[in-house]
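These numbers come from the heavy atoms of this one structure, side chains and all, not from hydrogens, waters or symmetry mates.
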Amino acid sequence: MLTTKVTGNAYDVALENFDAAANALELHSDIREMIKYPERILTVTVPVRMDDGHIHRFEAYRVQHSSVRGPSKGGIRYHPQVTLDEVKALATWMTWKCAVVNIPFGGGKGGVTCDPKHMSQGELERMTRRYTSAILPLIGPEQDIPAPDVYTNPQTMAWIMDTYSMTKGYPIPGVVTGKPISLGGSLGRNEATGRGVFNTIECACEHLRMALKGATVVVQGFGNAGSIAAQLLHEAGAKVIAVSDSTGCIYNERGLDIHHLMHLKALTGRVAGFPEAESIRPEELLALECDILVPAALENTIDGDNAEMVRTRIVAEAANGPVTPAADRILERKGVFLIPDILCNAGGVTVSYFEWVQDEQHLFWEAQDVYNRLERVMKTAFRDVLKIHGQSNVPMRIAANMLGVGRVAEAVKIRGIYP
């Protein structure tokens, strides 16, 4: 059972969000032309010898949207639905995301169209190394720095780092982030996205004068970001009543034991069959009455068709682009407070920046230092977006995009590359 519905074109949504922010900022058309579109797009063929001996050809991509404020930064995802337009959209969002949290990166993204759930570890390694070789001219610690994304992980990053380092003759840990700790990874990176989601939810609750303790939570997508956010909310006293992953949706009105559920997920790879909950349908999950809804799956899962069913006070976008523009308008009319993706899930790229800094300085921080710095960055960014939201009287998504787009536009002017 799939808990996500991918409709429409994510890149069209990204461009629509940009235009809304650019119009609100009254950006000159020349600057729009310079910062709206990707700088580089690479499409590659990745031939891989599978375990049964035959060669399978995978389509793969790497997109660099912007290098105006620094090296391109963005994850690599392995998924059957990866397309070039999706990767372009994710790279675009990453540019504004880095600017919102004010770290010196631009947006990049990569993806391979594959089904990793039906591939062996050996097949994944051979595909990763071949893909790395194909995008080698674009990546590097001062150029473009990949990271994990959907269905990639620290092991994937280790293979990329090793493949890249072999071409140089010495280890270069700064070429990727999200690596294992033993290869120069940062403490706190694995839970960074979920922790950032939690930090912004704390801010939203404070803004709305809503108690987090006792608040009911629904999490769509119990992967890395969703599970960590659920764990932190549970530990803060919130009641997580439903979660989902690609295997199904589970519900318990009294609240789920998140630690027990995370243990089961680690053992079995699924939330379906959790003994302390009942099974519900994906559409029922989105329609549950709750205080906080955390969409943490894929793009466009809340759209114009199902947004009317959503009954929550806060939507915290742990995923990239989970709410379409049509759904945005419906949620705005219903008075739902939205924490937009380029703010809400920016914890991952923020700690990726911390990891890159540590690798470049060869000096590593304690976990609590990472948590404290992350919380400071996320809460400062939330206040910056909220200020624009109030002063300009625009929805939170437009406010976040105004902040990100505005900072990139300012960098273009200051660098003197404005025509």
Visitor: So F354 and W365, would you call those rings parallel, tilted or perpendicular, with 30° and 60° as cut-offs?
Guide: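 Ring orientation, 0 to 90° scale: tilted.
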Visitor: Return yes if some donor-acceptor pair links the side-chain N/O of R69 with the main-chain N/O of A411 below 3.5 Å, else return no.
Guide: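 Side chain of R69 to backbone of A411: no pair is present.
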Visitor: Has the side chain of T216 got a donor or acceptor atom that lies under 3.5 Å from a matching backbone atom of K239?
Guide: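 No, T216 side chain to K239 backbone: no donor-acceptor pair under 3.5 Å.
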Visitor: Counting only N and O atoms by type, is there a donor-acceptor contact under 3.5 Å from the side chain of E355 to the main-chain atoms of G178?
Guide: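 Present.
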Visitor: Could you tell me whether the side chains of Q121 and E125 share a donor-acceptor contact shorter than 3.5 Å?
Guide: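 No - no donor-acceptor pair under 3.5 Å links their side chains.
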Visitor: Can you confirm whether I181 sits close enough to L187 that some side-chain heavy atom of one is under 4.5 Å from a side-chain heavy atom of the other?
Guide: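 Yes, side chains in contact.
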Visitor: Would you say I201 and V294 make side-chain contact, with heavy atoms under 4.5 Å?
Guide: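 When only atoms from C-beta onward are counted, V294 and I201 do touch, with a gap below 4.5 Å.
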Visitor: Is a side-chain donor or acceptor of T113 paired with a backbone partner of V82 at a separation under 3.5 angstrom?
Guide: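 Confirmed, T113 side chain pairs with V82 backbone.
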Visitor: Do Y353 and V377 come close enough that some side-chain heavy atom pair is under 4.5 Å?
Guide: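 Counting from C-beta outward, Y353 and V377 never come under 4.5 Å.
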Visitor: Quick one: pull up NZ in K179 and OG in S186 and give me the separation to the nearest 0.5 Å.
Guide: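 Going from NZ on K179 over to OG on S186, the span is 9.0 Å.
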Visitor: Using a 3.5 Å distance criterion without hydrogens, assess whether the side chain of E276 forms a donor-acceptor pair with backbone atoms of L256.
Guide: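 Flag not set: sc E276 to bb L256 has no pair under 3.5 Å.
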Visitor: Do D149 and T152 meet the criterion of a side-chain donor-acceptor pair at a distance under 3.5 Å?
Guide: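 No - no donor-acceptor pair under 3.5 Å links their side chains.
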Visitor: Between D162 and A158 (side chain of the first, backbone of the second, donor and acceptor by atom type, cut-off under 3.5 Å), is there such a pair?
Guide: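 No, D162 side chain to A158 backbone: no donor-acceptor pair under 3.5 Å.
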Visitor: From N23 CG over to M402 CE, what is the distance, rounded to the nearest 0.5 angstrom?
Guide: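 With rounding to 0.5 Å, CG (N23) is 10.5 Å from CE (M402).
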Visitor: Is L338 close to E317 at the side-chain level, that is, under 4.5 Å between some pair of heavy atoms?
Guide: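 Yes, close enough: below the 4.5 Å cut-off.
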Visitor: Which atom pair, heavy atoms only, marks the closest approach of L212 to I292?
Guide: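 For L212 and I292, the tightest heavy-atom pair comes out as CD1-CD1, 3.9 Å.
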Visitor: Sub-3.5 Å donor-acceptor pair from the side chain of S244 to the main-chain atoms of G221, do we have one?
Guide: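 Answer holds: yes.
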Visitor: Give every donor-acceptor pair under 3.5 Å between a side-chain atom in residues 342-352 and any protein atom, sequence neighbours left out.
Guide:
from: N345; atom 1: OD1; to: K97; atom 2: NZ; distance (Å): 2.6
from: N345; atom 1: ND2; to: A318; atom 2: O; distance (Å): 3.3
from: N345; atom 1: ND2; to: A319; atom 2: O; distance (Å): 3.0
from: N345; atom 1: ND2; to: N320; atom 2: OD1; distance (Å): 3.2
from: N345; atom 1: ND2; to: D341; atom 2: O; distance (Å): 3.4
from: T350; atom 1: OG1; to: A346; atom 2: O; distance (Å): 2.7
from: S352; atom 1: OG; to: T177; atom 2: OG1; distance (Å): 2.9
from: S352; atom 1: OG; to: R189; atom 2: NE; distance (Å): 2.9
from: S352; atom 1: OG; to: R189; atom 2: NH2; distance (Å): 3.4
from: S352; atom 1: OG; to: G348; atom 2: O; distance (Å): 3.2

Visitor: Go through it in stages, so that I can follow the logic: the residues are D85 and K88, the test is salt bridge (Lys or Arg N to Asp or Glu O under 4.0 Å), and I'd like the CA-CA distance, side-chain angles, deciding distance and then a yes or no.
Guide: CA-CA 5 Å; D85 273 355; K88 286 162 63 179; 3.6 Å; yes
Visitor: Between Y78 and T128, is any side-chain donor less than 3.5 angstrom from a side-chain acceptor?
Guide: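 Y78 vs T128: donor-acceptor pair found between side chains.
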Visitor: Counting only N and O atoms by type, is there a donor-acceptor contact under 3.5 Å from the side chain of D144 to the main-chain atoms of G74?
Guide: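 No, because the side chain of D144 does not come within donor-acceptor range (under 3.5 Å) of the backbone of G74.
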Visitor: Measure the shortest side-chain to side-chain distance between M378 and R195 over non-hydrogen atoms and say whether it is less than 4.5 angstrom.
Guide: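 They are not in contact (no side-chain heavy atoms under 4.5 Å apart), so the answer is no.
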Visitor: For F337 and H207, take the angle between the two ring planes, folded into 0 to 90°, and tell me which bin it lands in: parallel under 30, tilted 30 to 60, perpendicular over 60.
Guide: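 Taking H207 first and then F337, their aromatic rings sit tilted (interplane angle of 30° to 60°).
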Visitor: Starting at CE of M127, measure out to SG of C114 and round the result to the nearest 0.5 Å.
Guide: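 Answer for the CE-SG pair, M127 versus C114, is 3.5 Å.
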Visitor: Should R62 and Y131 count as side-chain neighbours, where that means a heavy-atom distance under 4.5 Å?
Guide: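 Side-chain contact under 4.5 Å: yes.
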Visitor: Do side-chain atoms of S392 reach the backbone of H389 as a donor and acceptor pair under 3.5 angstrom?
Guide: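 No; zero donor-acceptor contacts below 3.5 Å.
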Visitor: Walk me through whether R397 and E332 qualify under salt bridge (Lys or Arg N to Asp or Glu O under 4.0 Å).
Guide: CA-CA 10 Å; R397 185 180 313 284; E332 177 79 9; over 6 Å; no
Visitor: Are E86 and Y61 close enough that a side-chain donor and a side-chain acceptor fall under 3.5 Å?
Guide: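 Result is no, nothing qualifies.
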Visitor: Does the E39 side chain pair with the main chain of S67, one donor and one acceptor, at a distance under 3.5 Å?
Guide: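 Yes, because the side chain of E39 sits within donor-acceptor range (under 3.5 Å) of the backbone of S67.
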